[in-house]
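Working notes, structure below.
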Protein chains: 2
Amino acid sequence: MVDIEPPHGRPDVRPAVMADVARLAGVSHTTVSRVINGHPAVRDHTRERVLKAMESLAYRPNVAARALVTGRTRLLGVISMDTAFYGPVSVLTAVERSARDAGYAVSIVHLPDLTARALGEAADFLTGQAVAGIVAIIPHIATMNALTHVPDVPIVAVEGCSGTIPTAAVDQYLGARQAVEHLLALGHETVAHIAGPADWYEAPERERGWRDALEAAARPVPPVERGDWTAKSGYAATGRLLARPGLTALFAGNDLMALGALLALHEAGVPVPGEVSVVGFDDAPESAYFTPPLTTVRQDFAEIGRQGLALLLEQLEGRAPGHRHVSTVPTLTVRASTAPPGAAAREGRRA
Amino acid sequence: MVDIEPPHGRPDVRPAVMADVARLAGVSHTTVSRVINGHPAVRDHTRERVLKAMESLAYRPNVAARALVTGRTRLLGVISMDTAFYGPVSVLTAVERSARDAGYAVSIVHLPDLTARALGEAADFLTGQAVAGIVAIIPHIATMNALTHVPDVPIVAVEGCSGTIPTAAVDQYLGARQAVEHLLALGHETVAHIAGPADWYEAPERERGWRDALEAAARPVPPVERGDWTAKSGYAATGRLLARPGLTALFAGNDLMALGALLALHEAGVPVPGEVSVVGFDDAPESAYFTPPLTTVRQDFAEIGRQGLALLLEQLEGRAPGHRHVSTVPTLTVRASTAPPGAAAREGRRA
DNA sequence: ACATTAAGAGCACTCTTTATC
DNA sequence: TGATAAAGAGTGCTCTTAATG
């Protein structure tokens, strides 16, 4: 037996390969491969010897070799945006978790900006990595539309929209209606709305829900103020809203803009919910600790992340996707930022 | 010329391989390889023919084949936690961006819990993917220590700590001192502290900074209240703080706990900053829109993300890392939540 | 003839070695 | 001889085909 060793012998740390396992187990590399892939034509006794050999050599299959020969990887791509917003972040986490549970690794790319070019580059990068599929977490309409052109890789959208791509999302319209109906049920004559940017998927949907709820109750529909999802924009929009007469109820497009609204109202000496009620959208964890705690619409981001991944796996495994657009129902969480109109006056112990 | 085609001829979409390029360009596969890898021994004329062929075939090198033969991948692993906290999320984004700029893909794994086992599995998963290196974004001490045992892959920690692993982080101690010194300079006799969980890297550092600042000014050091970074815990801790006499200044371990504190103070009828001043830590984007806008310590998460990646690349490329622990200086951002003690009484127009 | 196992041909590249102008 | 190009072995695995008991 001739063992050629490196002359000044730190132990050879080259990772074990299949041939090493085969040699140690006294079988051919083919048999080792079969054991790894669960092929039935292996005697139990043999399988155990192989398993033991793999164990003792700490053998790990080489993913590159495997990918090369099979032409497939266990790698999924995720395209997300460059924001720390609660929603996309939660979705990403859920997608990654589900993917790994299904035995896939996740390669992530953040878009530097919301252009078709950036999206194209991201998709290119991922296909260059030979990803088996792509999950897009991009609730931006124009950017998302560019995704239609990505070739040869199954794609799903989460928290986004696209006529042609399978999608998992929360029913924004329904959430908005719930928010507005809650306010109307409290007795408010109408509800003002700070909408998100019109080119984001959620914004027009929420706006439509707001409008429909108002019209269904035959209430006046005030003009929309528009923000960009940030607290800053919510603050500014509320300033404009305050210049109008008769504001008693405000539906903000998301929790962050609601936060800005709360500050603007506070600075203007307007008690919430005493004189103005505020509702948000998202139910980020901190929204329960705003001053006052925010009534808001809860979206289950983790759930749509999981659903999106399931949709992708359906495509990857060739199962016919039953329904290509999955939608989740949001729930209204009532907290301290909403009350009947004029509550301040009636209570008489505020301001 | 015999072209064997699939019988009912949708065009063959098999991606082009190097041999196809070589054939089209009329050179050998070796030459194509050289062009791809920037080898000098290729005539300009030849190089151009090859480039043109690659272009017209939309050729993309096969990463698996490449990884197989070179034994290296352009893949980096990131281990993060399962939270939507602003800090880790921002770091992750910056790391990914920097990695991609350096030509690396990023595979991410979120820890389901903060145990050594979960960490081990995550690291295992990543080494199984043959990552070239790992970035750990885990500011949890015990978990992080388990990382020392990961074999054979260069590792760096960002926003974490470890005696043995190269680290990029913000100087927490300094930030805490700045916060407390700001409060003392305003005239507060002492400063209460809501610390983060003791097993997280940042918490003891901030606590130490707080204590040292107080002691350096010969002030009494009140007992610490402890939270878990959430707004909820900040709210609860502030409740306990309010039971003590003489609270005028509060240094919360992070912005979220400060948010909870703000709510607790508001509900207790304590004006901020009129009767109590509050300082946070992190400077998340929304903190500027708390009620009132929060004075806080700004950490440049993106910067430490970039630095962490740079540290990793140094290891990967064999450059001797000059300094293995990189530290960034945070800056105090003063907003409306801090004022001299007794400001409410002096101003006389509040509550 | 059947359940197991082995042999060997790729897979798409890189890189060393050899040939050519 | 030196610049440029080609040949060919090797990378670790899967899978089809052939051999074995």
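In what follows, chains carry the letters A, B, and so on, assigned in the order in which the sequence lines appear, proteins first and then strands, with residues in each chain numbered from 1.
Distance from the side chain of A/R72 is smallest for D/dC15 among the nucleotides C/dC15, C/dT14, D/dC15. Across C/dT4, D/dA7, C/dC11, the shortest atom-to-atom separation from the side chain of A/L68 is found for C/dC11. With distances taken from any side-chain atom of B/A65 to the nucleotides D/dG12, D/dT14, C/dC13, the minimum falls on C/dC13. Of the candidates D/dA5, D/dG8, C/dC13, the closest approach to any side-chain atom of B/T31 belongs to D/dA5. Listed nucleotides: C/dC13, D/dA5, C/dA9. Nearest to the side chain of B/N62: C/dC13. Residue B/V27 places its side chain closer to D/dA6 than to any other of D/dA6, C/dT14, D/dT14. Of the candidates D/dA6, D/dT4, C/dA6, D/dT4 carries the atom nearest the B/A41 side chain, counting heavy atoms from C-beta on. Comparing D/dT4, D/dA6, C/dT14 by their nearest atom to the side chain of B/S28 picks out D/dA6.
A/T30 comes within contact range of at least one nucleobase, with a heavy-atom separation under 4.0 Å. Among the heavy atoms of the strands, none lies under 4.0 Å from A/R47.
B/R34 contributes a side-chain N or O that forms a donor-acceptor pair with the base of D/dA5 under 3.5 Å.
The backbone N or O of B/A130 lies less than 3.5 Å from a partner atom in the side chain of B/T73, making a donor-acceptor pair.
Ion pair A/E96/A/R100 flagged as a salt bridge, since at least one NZ, NE, NH1 or NH2 atom sits closer than 4.0 Å to an Asp/Glu carboxylate oxygen.
Position along DNA chain D of the nearest nucleotide to B/V42 versus A/V69 favours B/V42 as the more 5'-ward residue.
Distance NE2 (A/H29) to P (D/dT14): 9 Å, rounded to an integer number of Å. The CD1 atom of B/I36 sits 10 Å away from the C1' atom of C/dT14 (whole-angstrom rounding). One can place CE of A/M18 at 19 Å from P of C/dG10, the figure rounded to the nearest angstrom. Taking atom CZ of residue A/R66 and atom P of nucleotide C/dC13, one finds them 21 Å apart after rounding to whole Å. Put simply, CG on A/L57 is 14 Å from P on D/dG12, counting in whole angstrom units. As a whole-Å value, the separation of B/R43 CZ from D/dG2 P is 18 Å. Distance CZ (A/R74) to C1' (D/dC13): 16 Å, rounded to an integer number of Å. The interatomic distance linking B/H39 (NE2) with C/dT14 (C1') rounds to 11 Å, in whole Å.
In this structure, the side chains of B/I141 and B/M144 stay at 4.5 Å or more apart for every pair of heavy atoms.
The phosphate of D/dA5 (OP1 or OP2) has a side-chain N or O of B/T46 nearer than 4.0 angstrom.
Within a 6.0 Å radius of CD in A/E55, other residues, nucleotides and ligands contribute 12 heavy atoms or fewer.
Among all heavy-atom pairs drawn from B/A169 and B/Y201, the shortest one is CB-OH, 3.8 Å.
Checking B/V158, B/L309, B/V135 one by one against B/V91, the side-chain contact (heavy atoms from CB on, under 4.5 Å) holds for a single residue, B/V158.
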